[in-house]
A.B. asks: 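Here it is: the structure, laid out below.
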2 protein chains.
Amino acid sequence: MATIKDVAKRAGVSIGTVSHVINNTAAVRNETKDRVLKAIKEFDYQPNSVARSLRSRRTGTISLVLPAIERSMDEPSYLSDLLASIVDESKRYNFDILLSASSSEEEEMTPYKRVVKGKMVDGCIITCTKRNDKRIAYLLSENIPFVAFGRSNVGLDFPYVDVDGEAGVYQGMHYLLDLGHTRIGFIGLPSELFCSEHRLKGYRFALKERGLKFDPALVIEGKTTQTGGYRSMKKLLNVDPPPTAVMISSDLMAFGAMKAAQEEGLIIGRDISIVGFDDVQMANNCHPPLTTIRQPIYKIGVLLCQMLVQLIRGEKLSERQIILLPELIVRESCGPIR
Amino acid sequence: MATIKDVAKRAGVSIGTVSHVINNTAAVRNETKDRVLKAIKEFDYQPNSVARSLRSRRTGTISLVLPAIERSMDEPSYLSDLLASIVDESKRYNFDILLSASSSEEEEMTPYKRVVKGKMVDGCIITCTKRNDKRIAYLLSENIPFVAFGRSNVGLDFPYVDVDGEAGVYQGMHYLLDLGHTRIGFIGLPSELFCSEHRLKGYRFALKERGLKFDPALVIEGKTTQTGGYRSMKKLLNVDPPPTAVMISSDLMAFGAMKAAQEEGLIIGRDISIVGFDDVQMANNCHPPLTTIRQPIYKIGVLLCQMLVQLIRGEKLSERQIILLPELIVRESCGPIR
DNA sequence: ACGTTTTATTAAAACGTTTCAAAAATTATA
DNA sequence: TATAATTTTTGAAACGTTTTAATAAAACGT
């Protein structure tokens with residue numbers, strides 16, 4: 001396989017010159033440049049990225065570790081949507097994505113250490129930020145560019161993009177309350193996810209505002225899977241009296257919940273109202289179409305990339321922390337109380 | 001940041017010894033080994049993967065390029081399911097996944113060249129094999145390990161895993177025919193995808209076997225998106241007389257088709273029967289649950305990884321070509337003809 | 001105690017680039 | 001034409017490992 005050496009020899013120049021031509025890193029006479037370009041073409045030469053990275057200390061690669069907790073990539077969660085937008089956007093800056101899997105919760109840091117200390121990437125995007133998230137302190141201490149999707153309660157200043165989950169849930173609750181519901185259930189995310197807190201806050205706040213009592217029996221924490229939603233809903237339907245509406249912290253769980261309700265013979269949107277959170281593609285295609293809180297996930301991916309690339313380039317971020325407002329998307333899974 | 005040099009100095013040995021300790025590549029006295037290990041721990045040393053790759057010509061990374069044609073990762077297609085299983089399985093062999101995006105159809109080869117010639121990966125997994133797929137010849141010529149998901153019509157011997165699409169569609173058709181349907185529509189994949197052929201073959205064969213005439217008006221080729229399925233279904237419903245059942249080449253399209261049918265006021269499973277293909281998670285959660293042909297996508301991802309790892313290790317494959325049988329999953333989207 | 005194996009260790013040469021400082025070639029100026 | 005200024009080109013030193021062949025140290029057999 002041809003190396004820069006071969007190209008240099010063929011073009012009758014030094015390897016330094018070839019490098020300069022490739023990287024536009026010094027003036028080279030047009031005539032010489034043409035000779036080099038020709039040689040490159042002749043050999044179908046492509047620089048060895050590994051050697052290049054070693055010397056230049058840049059890899060053109062961004063790390064994304066799939067968290068063990070959300071490795072339900074086989075379900076249509078927001079994560080695959082996010083990944084799609086990240087891949088799309090990073091391509092625009094000529095970055096590839098290095099995808100790693102973290103096995104267990106305990107081994108959470110292992111892939112980061114390998115990838116960061118091993119200098120395999122120029123920066124990291126972290127998702128599913130948790131309360132007391134260890135990754136944040138680590139990445140800060142290693143001084144590697146990174147951006148998080150989601151805030152955390154670590155007392156550290158770090159760049160992130162997040163969605164105002166409290167406002168989102170509040171909107172959904174507002175909508176349900178306006179439909180006349182007073183007994184509204186809530187299916188929340190695992191409490192280790194920091195965003196679970198905000199969403200619950202939105203629920204409580206909306207109730208309080210209307211002078212409704214918070215009933216712990218109506219609040220359930222479930223796994224972020226369809227099965228998780230399914231089980232939580234079954235429990236809620238067994239409460240006496242059952243809720244007439246349920247606010248659910250993720251679409252995925254909402255799908256499971258819908259199934260549970262349908263199994264009980266309930267017509268969704270008539271006998272029970274459901275609001276989801278995320279607005280994944282499928283929300284518009286399930287039956288009935290799901291009323292939900294839209295997270296602008298594509299935009300989030302784009303922002304994460306853009307911010308990270310800026311950090312990698314050593315530029316200063318104009319906005320180091322971004323919180324986006326989610327939006328209520330009304331479809332057909334809710335109806336007035338009967 | 002500590003390098004192998006620092007570790008060597010601290011442990012009072014040569015860097016070669018440190019390397020041997022790390023890689024278990026030569027006998028080193030226990031006492032010495034302990035000293036080295038201690039130094040490694042003290043520095044929290046992690047070898048620089050880039051340098052390591054340059055020298056050893058191994059990267060521990062597998063390439064996956066998201067094809068432009070299927071960059072509908074933002075829809076719950078089989079691709080995200082497949083990716084999930086690949087990430088999972090590759091982790092078991094300590095490989096990371098390098099995810100690249102190919103922009104346009106013309107630029108299809110660019111990422112492969114960069115990644116393969118640039119020596120960024122040890123092997124490739126390619127998906128969405130097309131008729132006359134250029135990638136296959138290229139990867140063979142570059143002599144880099146790779147495995148394809150899907151056959152192709154290039155006259156070349158290459159390792160792949162595929163699903164018997166013909167048999168799959170045949171099963172679905174059989175089921176519909178047994179329900180009494182005789183006017184059955186078919187929504188196929190874009191003809192550039194090689195697998196589109198097999199599926200259509202299954203359709204034709206099933207008809208022929210029952211002595212039914214093939215009606216071109218009932219066969220439509222659509223894009224592999226929900227919208228694609230939606231549009232194709234609208235067209236089919238305008239045929240006179242319309243089909244009473246439709247065999248659809250992907251679940252994603254089936255979801256769109258269901259929406260189209262529901263918009264026309266049809267009850268799926270009663271007024272019209274629909275069979276999908278893939279069995280993505282959502283198929284079990286849409287309404288009504290979709291009868292479909294299951295591709296064992298998780299298993300496919302696992303096989304692809306295993307085969308690729310074997311090739312990377314220079315081992316010979318026991319089975320160089322694997323064709324899996326899909327399975328009919330009966331749910332509620334079909335009913336007897338009325 | 002001495003050669004002979006065997007076992008541990010090391011020095012140094014890669015791997016293929018980028019990136020300096022310095023040298024060479026060219027052009028401008030006096 | 002000689003000198004200065006500028007533009008091009010180059011040589012060689014990194015980057016941090018692995019790996020080989022050679023050396024040193026230890027263990028063994030007589």
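The figures here come from the full heavy-atom set of this structure, side chains too, leaving out hydrogens, waters and symmetry mates. Chain identifiers are assigned alphabetically (A, B, ...) following the order of the sequence lines, protein sequences preceding nucleic acid strands; residue numbering begins at 1 within each chain.
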A.B. asks: In whole angstrom, give the distance that lies between atom CZ of R57(B) and atom P of dT17(D).
C.D. replies: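 My rounded result for the distance is 18 Å.
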
A.B. asks: Would you say N23(B) places a side-chain N or O within less than 4.0 Å of OP1 or OP2 belonging to dT18(D)?
C.D. replies: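 Checking dT18(D) against N23(B), a side-chain N or O does come within under 4.0 Å of OP1 or OP2.
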
A.B. asks: Mind calculating the distance between NE2 (H20(B)) and C1' (dA11(C)) to the nearest angstrom?
C.D. replies: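 Answer to the nearest Å: 12 Å.
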
A.B. asks: Calculate the interatomic distance between F43(A) atom CZ and dT17(C) atom P; express it in whole Å.
C.D. replies: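 Spelled out: CZ on F43(A) to P on dT17(C) is 12 Å.
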
A.B. asks: Heavy atoms only, 4.0 Å cut-off, all strands: where does T3(A) land among base, sugar-phosphate and nothing?
C.D. replies: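 Sugar-phosphate contact only - T3(A) comes under 4.0 Å of backbone atoms but never of a base.
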
A.B. asks: Of all the choices, dT8(D), dT9(D), dA11(C), which nucleotide is nearest to the side chain of S14(B) once you look at every atom?
C.D. replies: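 Comparing dT8(D), dT9(D), dA11(C) against the side chain of S14(B), the answer is dA11(C).
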
A.B. asks: Would you say S56(B) reaches dT17(D)'s phosphate, i.e. side-chain N/O to OP1/OP2 under 4.0 Å?
C.D. replies: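 No, because none of the side-chain N or O atoms of S56(B) sits under 4.0 Å from OP1 or OP2 of dT17(D).
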
A.B. asks: Is the backbone N or O of H20(B) less than 3.5 Å from a side-chain atom of T25(B), with the two atoms forming a donor-acceptor pair by type?
C.D. replies: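 Not confirmed, T25(B) side chain does not pair with H20(B) backbone.
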
A.B. asks: Should the side chain of R55(B) and the base of dT18(D) be counted as holding a donor-acceptor pair, with the cut-off at 3.5 Å?
C.D. replies: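 Counting by modelled atom types and ignoring angles, a donor-acceptor contact under 3.5 Å is found here.
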
A.B. asks: Can K91(B) and D96(B) be said to form a salt bridge (charged side-chain N to carboxylate O under 4.0 Å, His left out), step by step?
C.D. replies: CA-CA 7 Å; K91(B) 196 208 130 46; D96(B) 292 311; over 6 Å; no

A.B. asks: Counting the atoms with a prime plus P, OP1 and OP2 as sugar-phosphate, which does T32(B) contact under 4.0 Å by heavy atoms, base, sugar-phosphate, or nothing?
C.D. replies: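 Counting heavy atoms under 4.0 Å across all strands, the contact made by T32(B) is with sugar-phosphate only.
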
A.B. asks: What is the distance from NZ of K5(B) to P of dC15(D), rounded to the nearest Å?
C.D. replies: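 Distance check: K5(B) NZ to dC15(D) P gives 7 Å.
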
A.B. asks: For the pair made of CZ in R52(A) and C1' in dC15(D), what is the distance, rounded to whole Å?
C.D. replies: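 Nearest whole value for this atom pair: 15 Å.
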
A.B. asks: Give a yes/no on whether any side-chain N or O of R35(A) is located under 4.0 angstrom from OP1 or OP2 of dT9(D).
C.D. replies: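 The answer is no; no side-chain N or O of R35(A) sits under 4.0 Å from OP1 or OP2.
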
A.B. asks: Specify the separation, in whole Å, of atom CG of D6(B) and atom C1' of dC15(D).
C.D. replies: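 So the CG-C1' distance, D6(B) to dC15(D), works out to 14 Å.
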
A.B. asks: I'd like to know if the side chain of E89(A) and the backbone of G301(A) have a donor-acceptor N/O pair within less than 3.5 Å.
C.D. replies: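 The answer is no, because no donor-acceptor pair under 3.5 Å joins these two groups.
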
A.B. asks: Examine distances only and state if a side-chain atom of S53(A) and a backbone atom of S49(A) form a donor-acceptor pair shorter than 3.5 Å.
C.D. replies: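 Judged by distance alone, yes, a pair lies under 3.5 Å.
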
A.B. asks: Between dT9(C), dT19(D), dG16(C), which nucleotide has the shortest distance from any of its atoms to the side chain of L54(A)?
C.D. replies: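 Closest nucleotide among those given: dG16(C).
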
A.B. asks: Roughly, in whole Å, what's the span from CZ in R29(A) to P in dA24(C)?
C.D. replies: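 After rounding, the gap between these two atoms is 16 Å.
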
A.B. asks: Among side-chain atoms of D122(A) and T59(A), is any donor-acceptor pair under 3.5 angstrom?
C.D. replies: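 There is such a pair between these side chains.
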
A.B. asks: For the side chain of I4(B), counting heavy atoms from C-beta on, which of dT19(C), dT10(C), dT17(D) is nearest?
C.D. replies: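 Minimum distance to the I4(B) side chain belongs to dT17(D).
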
A.B. asks: With respect to the phosphate group of dT9(D), does any side-chain polar atom (N or O) of T17(A) fall under 4.0 Å of OP1 or OP2?
C.D. replies: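 It does not, given that no N or O in the side chain of T17(A) lies less than 4.0 Å from OP1 or OP2 of dT9(D).
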
A.B. asks: How many whole angstroms separate atom CD1 of I15(A) from atom P of dC15(C)?
C.D. replies: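 Distance check: I15(A) CD1 to dC15(C) P gives 12 Å.
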
A.B. asks: Taking 4.0 Å as the cut-off, does a side-chain nitrogen or oxygen of Y45(A) come that near to OP1 or OP2 on dG16(C)?
C.D. replies: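 Result: no.
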
A.B. asks: Look at all strands and tell whether V50(A) reaches a base, only sugar-phosphate, or nothing, counting heavy atoms closer than 4.0 Å.
C.D. replies: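 Nothing: the residue V50(A), judged by heavy atoms under 4.0 Å, touches no strand.
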
A.B. asks: Does K113(B) pair with E108(B) as a salt bridge, N-O distance under 4.0 Å?
C.D. replies: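 Salt bridge: no.
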
A.B. asks: Please name the nucleotide paired to dG29(D) by Watson-Crick or G-U wobble geometry with both distances under 3.5 Å, or report none.
C.D. replies: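 dC2(C) is the nucleotide pairing with dG29(D).
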
